[in-house]
Amino acid sequence: MILTYRNEIHESAYSFSFLFVCLFIVYSIFVRFFNMKYIMLFVGIVLCVFPTTAQTKHRVDLFPLDHVRLLEGPFLSSQQTDLRYLLALEPDRLLSPFLREAGLQPKAPSYPNWENMGLDGHIGGHYMSALSMMYAATGNAEAKQRLDYFLDELKRCQDHVGTGFIGGTPGSLALWEEIKRGDIRAGSFDLNGKWVPLYNIHKTYNGLLDAWKHTGSVQARDMLVKYTDWMMDITSGLSDEQMQEMLKSEHGGLNEVFAAVYEITGEKKYLQLARRFSHLEILRPLMQEKDSLTGMHANTQIPKVIGFKRIADNENDADWDRAARFFWKTVTENRSVCIGGNSVREHFNPPDDFGAMIEEVEGPETCNTYNMLRLTGMLYASSPEVYLMDYYEKALFNHILSSEEPERGGFVYFTPMRPGHYRVYSQPETSFWCCVGTGLENHAKYGESIYAHDKNALYVNLFIPSRVTWEEKGIVFSQHTRFPNDGAVDFVFDDAENKKLALKLRIPSWVVEPEKIKVFVNDELLQFGAVTGEYLTLEGKWEKGDRVSLHLPMQVNLVQMPDKSPFYAFQYGPIVLAASMGTEDLKGLYADDSRGGHIPQGRRIPLSEIPTFIGTPAEIESSLHKTADEELRFVYVGETFPEREDMEFVPFYGLHNRRYLIYFPQADREQEQFNKDYPADY
Ligand SMILES: [Zn+2]
């Protein structure tokens, strides 16, 4: 095997420069020897061959889910727990609202909670997505049978209504007739008196799309196109102003789905529909790189932006692409806490004031991070940069993985950052919130972003035990690691055809001492000057059995609340650490079927009872000591007030069914009374 290696990511920039120089030389020859007619012909050919701008063109592809299998580790466990939860749901109960609205006899009663309070049917859409992903990711036959049954039943509904419509919102047919007539009364969370019906049907659209994308169901594709034609008919008589009025109501990412239907059919009318479903009030400031998000309902906006990006990719629209990139940047850099989540009471707080994030129990919502990861993946496809995957890793390990209870499999809605509070878990019989829907999907699709590829390179982005099959290249590549318990990751070419290929290993930005990074190829240590935040490229003719080992140095670091208030959290590498704060009054730990069952309403421990960590940030950071070799356990040996001895910190993702401390207040010695300044009921 001949190997070369380098630590950089900008080779594509070189190739674009090279392409430009070549074009210039050819152009000069044309100008010198040919007349204008040939020059125009040449320009035309160039425009046809290179019609896209570098900004929006896909430069890498993620592997389809059925090409990646998880191996033993916390993510595989989480996926299997999710499968059990998914199969605990009864399809006939989820189908009930769809049959009812289609005028057919339901076979079972609806589920309770949000499934019979107006958002009827929303989980059915997520269920189709999750079954599709789960089948692709695991090959589980029962998931496929359930999916096929669900599709057959929905087809029966669609055929019976006859217009292409499918949906579970109570009074659907009359509602959409009103909309078609231009009778539009839109509020943020309602449309003509119904609970976000556009948001609701978006889940059904997505379910059909995922069944096509992940399982190749032609039936799902045909139903999706018919369903989209129905929406074209409903909105065909509406003016652009009426459309924008309607879009004041939460509508998920309908613009994204319609752009996807364009990709499937190649028919421009669907792309036009996608544009008509794009909410300009959100788009316009973002195109000017203006953040006016404070106070907005966070999860209403994120899917709209995913749609902007997908439309941008299809139409090479640099302005819409810029809007999506700016949104991602401002949300991840200015509006996200250490677990990668955002929002308080579902709304964006001011970036210079995270006081409510500490005070309130309705911290980051899991759906938001689900959608931020989708947006990150789309941005990554057109610009495969390490910083995007740094965020992805942070949010996946610290928020998404942590949002599923490992024993019973319940999902989390709010993850309070309030010191000493706790989370509530869903139950399959009682809980039908949005975060149950996205939760069903989250843990099925871990294989989605571990790897990526372009024509000649395999990218390794996440350190998760797994095996990827790259059929076109005859490569089977596996990853074995105990990460984040330690920073050693072993890669093996289980199959390879001895052809030239670049292996690109992500060197994360959280590595503080890059000089300590070690890479071995077939046990031989490579000498290189590693740079963090970039890819290390190993180029060679790989053979079956070739091995690569990557050793990343990990260490404790302290991160501050984004508003620079004196609240800090410990991380080990990218892993957020938390301390247990006991099991006192975990009211509603497993949610009942009430409207607000997802909110942790037990006692709020006053901040005056929470230990303030005393000392400078550097002193506090150096007072956390690792106490175990094989797993991540740490003890804090510094000062606190009130005094607490030997506080133990572990990865937040593994801390369940209890109160916890992620962010803690910090005070210098002279401010020792800091936490006494808080009112007792804070
Ligand atoms: Zn949610």
Side-chain angles (χ1 to χ4, degrees), residues 62 65 75 78-79 81-82 85-86 114 119 122-123 125-134 137 196 199-200 202-203 205-207 209-210 213-214 250-254 256-257 297-307 309-310 324 327-328 331-332 335-337 339-343 346 348 362-380 388-389 391-405 409-415 423 425-426 431-450 462 598 653:
L62 303 177
L65 268 179
F75 289 92
S78 168
Q79 190 178 63
T81 305
D82 186 29
Y85 197 106
L86 198 50
W114 296 16
L119 208 55
H122 74 123
I123 295 291
H126 286 294
Y127 183 70
M128 281 192 284
S129 292
L131 287 172
S132 306
M133 292 169 183
M134 193 60 88
V196 289
Y199 168 93
N200 190 342
H202 171 242
K203 311 307 157 210
Y205 276 104
N206 250 350
L209 179 60
D210 284 328
K213 179 180 162 187
H214 296 293
E250 185 175 10
H251 52 275
L254 279 171
E256 193 217 349
V257 163
H297 185 257
N299 198 45
T300 297
Q301 317 313 327
I302 307 168
K304 296 177 191 174
V305 178
I306 296 172
K309 174 61 180 155
R310 193 146 186 174
F327 177 87
W328 184 90
V331 171
T332 59
R335 297 181 171 281
S336 298
V337 291
I339 61 166
N342 62 65
S343 80
E346 303 190 7
F348 284 122
E362 298 181 27
E365 178 186 348
T366 310
C367 285
N368 302 17
T369 300
Y370 159 95
N371 277 313
M372 283 303 293
L373 290 185
R374 290 203 62 222
L375 178 60
T376 305
M378 291 184 77
L379 295 172
Y380 178 82
L388 291 162
M389 284 298 155
Y391 170 77
Y392 202 104
E393 178 185 66
K394 170 164 83 171
L396 193 75
F397 278 80
N398 298 309
H399 197 181
I400 297 300
L401 181 59
S402 81
S403 68
E404 182 198 47
E405 200 267 353
F411 302 110
V412 169
Y413 196 117
F414 294 121
T415 298
R423 296 175 292 173
Y425 304 101
S426 68
S431 319
F432 295 89
W433 335 307
C434 50
C435 291
V436 169
T438 53
L440 290 168
E441 297 179 34
N442 274 331
H443 312 277
K445 64 188 181 105
Y446 285 128
E448 194 173 65
S449 301
I450 303 173
L462 300 173
H598 57 291
Y653 68 70

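Hydrogens, waters and symmetry mates play no part in the numbers below; they use all other heavy atoms, side chains included.
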List in chain and number order the residues that pass side-chain contact (heavy atoms from CB on, under 4.5 Å) with [X], two or more places apart in sequence or in another chain; answer none if no residue qualifies.
X	value
His202	Asn206, Leu254, Val257
Glu346	His297, Glu365, Tyr413, Phe414
Asn200	Leu119, His122, Thr169
Ala298	Asn342, Ser343, Phe348, Asn368

Are [X] and [Y] side-chain neighbours, meaning at least one heavy-atom pair lies under 4.5 Å?
X	Y	answer
Ser449	Tyr380	no
Met134	Gln79	yes
Trp328	Val305	no
Ile400	Thr366	yes
Asp210	Met133	yes

query = Taking the six-membered ring for Trp, are Trp433 and His598 parallel (under 30°), tilted (30 to 60°) or perpendicular (over 60°)?
reply = tilted
For the student: nearest non-hydrogen atoms of [X] and [Y], plus distance:
X	Y	result
Asn371	Pro303	ND2-CG, 3.6 Å
Cys434	Trp114	N-CZ3, 3.4 Å
Gly207	Ser129	CA-OG, 3.4 Å
Gly340	Thr369	O-OG1, 3.8 Å
Ala130	Ala444	O-CB, 4.2 Å
Gly307	Glu256	CA-CB, 3.7 Å

Kindly compute the distance separating [atom1] ([X]) from [atom2] ([Y]), expressed to the nearest 0.5 Å.
X	Y	atom1	atom2	answer
Met372	Leu396	CE	CG	14.0 Å
Met378	Arg374	CE	CZ	7.0 Å
Thr438	His443	OG1	NE2	8.0 Å
Gln301	Glu250	CD	CD	8.5 Å

task = Quick one: do Leu440 and Asp82 satisfy side chain to side chain contact (heavy atoms under 4.5 Å, CB included)? Show the steps, please.
result = CA-CA 6 Å; Leu440 290 168; Asp82 186 29; 4.1 Å; yes
ask   = Does anything in residues 440-450 pair up under salt bridge (charged side-chain N to carboxylate O under 4.0 Å, His left out), and if so which pairs, sequence neighbours excluded?
value = Lys445-Glu448
task = Apply side chain to side chain contact (heavy atoms under 4.5 Å, CB included) to the pair Glu404 and Phe411, showing each step before the final yes or no.
result = CA-CA 5 Å; Glu404 182 198 47; Phe411 302 110; 4.1 Å; yes
task = Take His251 and Lys304 through the side chain to side chain contact (heavy atoms under 4.5 Å, CB included) test and state the conclusion after the steps.
result = CA-CA 8 Å; His251 52 275; Lys304 296 177 191 174; 3.4 Å; yes
Partner of Val412 by side chain to side chain contact (heavy atoms under 4.5 Å, CB included), out of Ser403, Ser402, Ser426 = Ser403
task = Please determine, by modelled atom types, if Thr376 and Tyr392 share a side-chain donor-acceptor pair under 3.5 angstrom.
result = no
ask   = Side chains of Tyr391 and Ser336: is there a donor and an acceptor less than 3.5 Å apart?
value = no
remark   = Applying salt bridge (Lys or Arg N to Asp or Glu O under 4.0 Å) to Arg423 and not counting sequence neighbours gives none
inquiry  = Checking Tyr370 against Ile302 for the side chain to side chain contact (heavy atoms under 4.5 Å, CB included) test, could you report, in this order, the C-alpha distance in whole Å, the side-chain angles of both residues, the deciding distance, and whether it holds?
reply    = CA-CA 10 Å; Tyr370 159 95; Ile302 307 168; over 6 Å; no
